[in-house]
K.L.:
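After the structure tokens below, expect a handful of questions from me.
Chain identifiers are assigned alphabetically (A, B, ...) following the order of the sequence lines, protein sequences preceding nucleic acid strands; residue numbering begins at 1 within each chain.
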Amino acid sequence: MKRVIDLRLTRVPDLPLEADRLRPDSLAQAGLDELYALPLLYGNQTVAAGEFLRGEIQETEEGASGVTLILRGDFKRVKRLGQGMQSGELIIEGPCGFHTGAEMGGGRITIRGDAGDWLGAHMTGGVIRVEGNAGHWVGASYRGKTQGMRGGAVIIHGNAGRMTGTKMRGGLIVVRGDCLEFPGYDMNAGTILIAGRSGRHIGSGMVRGTIIVRDGHSLLPTFYHNCAYKPSFWPLLRSYIEAQGLVLDGWGADCFFDRYSGEALTGCKGEVLLCHTA
Amino acid sequence: MTVTVHKDVVCTFCGALCDDLEMHVEDNRVIDVKNVCGIGRSKALHGDNDKPECRVRGQQATLEQAYDAAAEILSRAKSPLVYGFSSTVAEANRVGVELAEILRGGLDNCSSYCHGPGVLARQHVGLPTCTLGEAKNRADLVVFWGANPMESHMRHFSRYSVQAKGMYTPLGRKDRKMVVVDVRPTPSSKNADLFFQVIPGSDYEIATVLRALVCELPLPTLADDSLVGGVPLSKWKELVALFKACKYGVVFFGIGLTQSQGKDLNIEQLIRLVGDCNRHTRVYAMPMRGHANVNGNNQVFVWQTGYPLAISFNRGYPRFNPGEFSVIDMLNRGDVDAALIVATDPAAHLPHTAVEALKKIPTIVLDPVNSLTTAWADVVIPVATSGLSAAGTYYRMDNVPIRLRKILDCEWPADLEVLQNIKERVLDAKDH
């Protein structure tokens, strides 16, 4: 049975609202009354979700089974939406706040607006798709932690901020637009693709992993040129990204890449690929 | 009238905490100070004058009325912020933390937009460091990176670093090499043996190249005349040779490094550079902390909450996230609905947008002197000046705690007493 929970924000909170209880997998059985009673953190007060949300639940036998949670409105001040979700689908029709999809292990989040900082931080699985821009620290680790994102994919149609994929340990981040400085900082593994312009200090401190960029003007001198080649994984990666609904203009299946290894200070096992033909 | 001479008084202006001041007091007023820099003298002579009026919403009030008003504002707030503490004693800091926890509010300090990035870097990579006494007695190489102590920590050179005569540096300046890295010539750089004028925002790249040179890694894209941060590579090689040749080097880093592009990552890379140098010789790093007790503030926050800055208690337990819970970001986003400001002047320090946000919410300020914030705050509580009319503990930039004495009498209570009074009233309000 397919369950669609369609909620709209009745008023934009004037203080930050933490809504980590709003995730599709934990609402598989909940009725509307139960849903409205969910506790959210509003400043330092616990409030019922019903104070901010109203909507309806539809259940149909058609289509694939599962729970889809649709949130409509300006959720910019609402933090932690879909945090830790393991399955189901979350669609946010508007912008959303910090920590959206952080620590998620599965399922799918679609954001039809801009996303706040720490999008998909520490995620281990699932897919996040952002149709607008994302903030800083996409798929990164929180301060004090040694590993950021470990699996899953974050597909950003717009731009991303600073520190994208900091201490990333696995998974994929794709930024169709530009990215600010320090992408892939202290990265351990995983793949980051930046199709637009990248900020300075790409991959600094990276131990392993792959960063694919269009221009490497700011590559640190501790990265060494290895060769120009056509990696066998590129057509596969490209078709996966296209399957997620993102077409990268100018990045054909036959792209050539300059391969740089680095960072020398941390063992030189990471790689930065500069696209030749983009 | 008798003049009383107080010796070995601690100066409470900057993080160097010079503790050899001689203060001459007559009629409960400091009339002269010896062994002090220009700023310290001004603070000592005038730090306990110009007290603000005790006010509640613009009207003169008694202390009791001000405590009641402060407690009412704070206990009603849904997202209060307790902020400041860089110029008050560690004991008051502790009560401030307790108050923030009771209020389930935010807690931050001035290092958030000052040396906080250095504190964050230390969490990730540690800090090989020493005391200022060791620097004075042993250092034969001192490097100032993004710091200008001649104007910010005026007695640092003579007491601790460049000119100080120590056990293994009996000739003072002649026994030391001095290096300055900065974006422009400064009074400090005029004294340097080597001065590197670098392009703003290039510190991370420079530290990376220096690390590669120290570790003797190849740099195939750079020739000797290639510019790194606006300085030829050959000059950086000279600095690396100095590092390797010294017996005891200390790198003092300032806000030029913590608040330029890269922020905490600049410091991480610098600390790693210092770590790399320790494969060859002894080298240490030390932040040039600004406000006198901003370091103590981090210390107290850490031993009370586990975190040095940008803390939120809104779930009842401490959470830490710079960018989310730091003072400027919270104010700019409008995440705060009341503020308690202790021993700092946000109207003078914070960006205009943050100050405007602060003006829109009820603000309580504790300040020993009239400031830009006391001019418009809803509740103004005058307090005794730490180190002059209030005793307590400050932490020097090298983490050494130093006890401050009370040498003047003051009609107003110390920060500690005020915070305790507000805390008791907030507890009463929460109980009922």
Side-chain angles (χ1 to χ4, degrees), chain A residues 12-18 20 39 41-47 76-77 79-80 97-99 102 116-118 121 135-137 140-146 161-163 166-167 180-182 185-186 199-201 204-205 216 218-225 260 262-268, chain B residues 77-80 100 102-106 120-121 123-125 201-202 204-205 207-209 211-215 217-222 226 228 233 261-265 268-269 272-273 276 306-308 310 312-316 319-325 329-330 333-338:
Chain A
V12 176
D14 54 353
L15 292 170
L17 189 66
E18 295 196 21
D20 46 334
L41 193 70
Y42 176 53
N44 58 13
Q45 316 274 309
T46 302
V47 297
K76 213 181 298 174
R77 307 211 70 181
K79 300 178 186 175
R80 304 184 185 279
F98 294 165
H99 311 289
D117 300 352
W118 295 284
H136 309 303
W137 302 88
S141 72
Y142 291 133
R143 286 193 183 276
K145 304 279 184 187
T146 53
R162 282 186 290 277
M163 309 296 289
T166 294
K167 295 186 194 289
L180 295 178
E181 60 265 31
F182 291 105
Y185 180 77
D186 269 6
R200 299 167 73 193
H201 308 323
S204 55
S218 61
L219 211 52
L220 287 162
T222 42
F223 282 81
Y224 305 144
H225 185 254
Y260 289 81
E263 174 171 350
L265 291 162
T266 46
C268 230
Chain B
K78 293 191 180 82
S79 184
I102 294 164
L103 292 168
R104 290 186 161 219
L120 303 179
Q123 290 179 319
H124 282 193
V125 293
S202 59
Y204 187 86
E205 185 186 354
T208 303
V209 168
R211 282 192 68 199
L213 291 172
V214 170
C215 297
L217 294 172
L219 294 169
T221 55
L222 298 177
S226 300
V228 178
L233 183 69
Q261 194 179 33
K263 294 196 168 188
D264 51 316
L265 309 183
E268 276 190 28
Q269 199 68 318
R272 285 176 172 141
L273 166 67
D276 293 336
Y307 306 117
S312 170
F313 281 103
N314 63 1
R315 289 199 180 214
R319 290 187 296 165
F320 157 76
N321 202 5
E324 185 178 7
F325 303 131
D329 302 274
M330 285 183 81
R333 288 193 303 265
D335 288 359
V336 179
D337 63 353

K.L.:
Taking ring-ring contact (aromatic ring centres under 6.0 Å, His included) as the test, write out the residues that go with A:Y260, two or more places apart.
P.N.:
A:H225
K.L.:
Of the listed residues (B:T208, B:D276, B:L222, B:V336), which shares the most heavy-atom pairs with chain A below a 4.5 Å separation?
P.N.:
B:T208
K.L.:
Based on non-hydrogen pairs under 4.5 Å, which of B:E205, B:R211, B:Q123 is most in contact with chain A?
P.N.:
B:R211
K.L.:
Heavy-atom pairs under 4.5 Å with chain A: which of B:N321, B:V209, B:L265 has the most?
P.N.:
B:L265
K.L.:
Counting only heavy atoms closer than 4.5 Å, note whether A:K167 contacts chain B via side chain, backbone, both or neither.
P.N.:
side chain
K.L.:
Given that the side chain runs from C-beta out, which part of A:L265 has a heavy atom under 4.5 Å from chain B: side chain, backbone, both or neither?
P.N.:
both
K.L.:
Do you know which of A:E18, A:H136, A:Q45, A:R162 has the most heavy-atom pairs under 4.5 Å to chain B?
P.N.:
A:E18
K.L.:
What part of B:F313 gets within 4.5 angstrom of chain A, counting heavy atoms only: side chain, backbone, both, or neither?
P.N.:
neither
K.L.:
Examine whether an atom of B:R333 lies under 4.5 Å from a heavy atom of chain A, and if so say whether it belongs to the side chain, the backbone or both; otherwise answer neither.
P.N.:
both
K.L.:
Chain B heavy atoms under 4.5 Å from A:K76: which part of the residue, side chain, backbone, both or neither?
P.N.:
neither
K.L.:
Looking at A:K79 and B:E324, does any basic side-chain N land under 4.0 Å from a carboxylate oxygen?
P.N.:
yes
K.L.:
Could you tell me whether the side chain of B:S79 and the main chain of B:D335 form a donor-acceptor pair under 3.5 Å?
P.N.:
yes
K.L.:
Decide yes or no on side-chain hydrogen bond (donor to acceptor under 3.5 Å, both in side chains) for A:Y185 and B:E268, but give the supporting numbers first.
P.N.:
CA-CA 12 Å; A:Y185 180 77; B:E268 276 190 28; 2.6 Å; yes
K.L.:
Name the option with the most non-hydrogen atom pairs under 4.5 Å to chain A; the candidates are B:V228, B:D337, B:L120.
P.N.:
B:L120
K.L.:
What part of A:S204 is in contact with chain B, defined as an atom under 4.5 angstrom from a non-hydrogen atom: side chain, backbone, both or neither?
P.N.:
both
K.L.:
Heavy atoms, side chains only, cut-off 4.5 Å: are A:T222 and A:T266 in contact?
P.N.:
no
K.L.:
Mind checking whether A:F182 and B:Y204 have parallel, tilted or perpendicular rings, split at 30° and 60°?
P.N.:
perpendicular
K.L.:
Between B:R272, B:R319, B:Q269, which residue shows the highest count of heavy-atom pairs closer than 4.5 Å to chain A?
P.N.:
B:R319
K.L.:
Side chain of A:N44, backbone of B:L103: donor and acceptor closer than 3.5 Å?
P.N.:
yes
K.L.:
Is it the backbone or the side chain of A:W118 that comes under 4.5 Å from a heavy atom of chain B, or both, or neither?
P.N.:
side chain
K.L.:
Taking A:D14 first and then A:R77, would you say they form a salt bridge - that is, a charged N and a carboxylate O separated by under 4.0 Å?
P.N.:
no
K.L.:
Specify the closest pair of heavy atoms between B:A212 and B:L219, including all atoms of both residues, with the distance to one decimal.
P.N.:
CB-CD2, 3.8 Å
K.L.:
Quick one: which of B:P80, B:P218, B:G323 has the most heavy-atom pairs under 4.5 Å with chain A, could you say?
P.N.:
B:P218
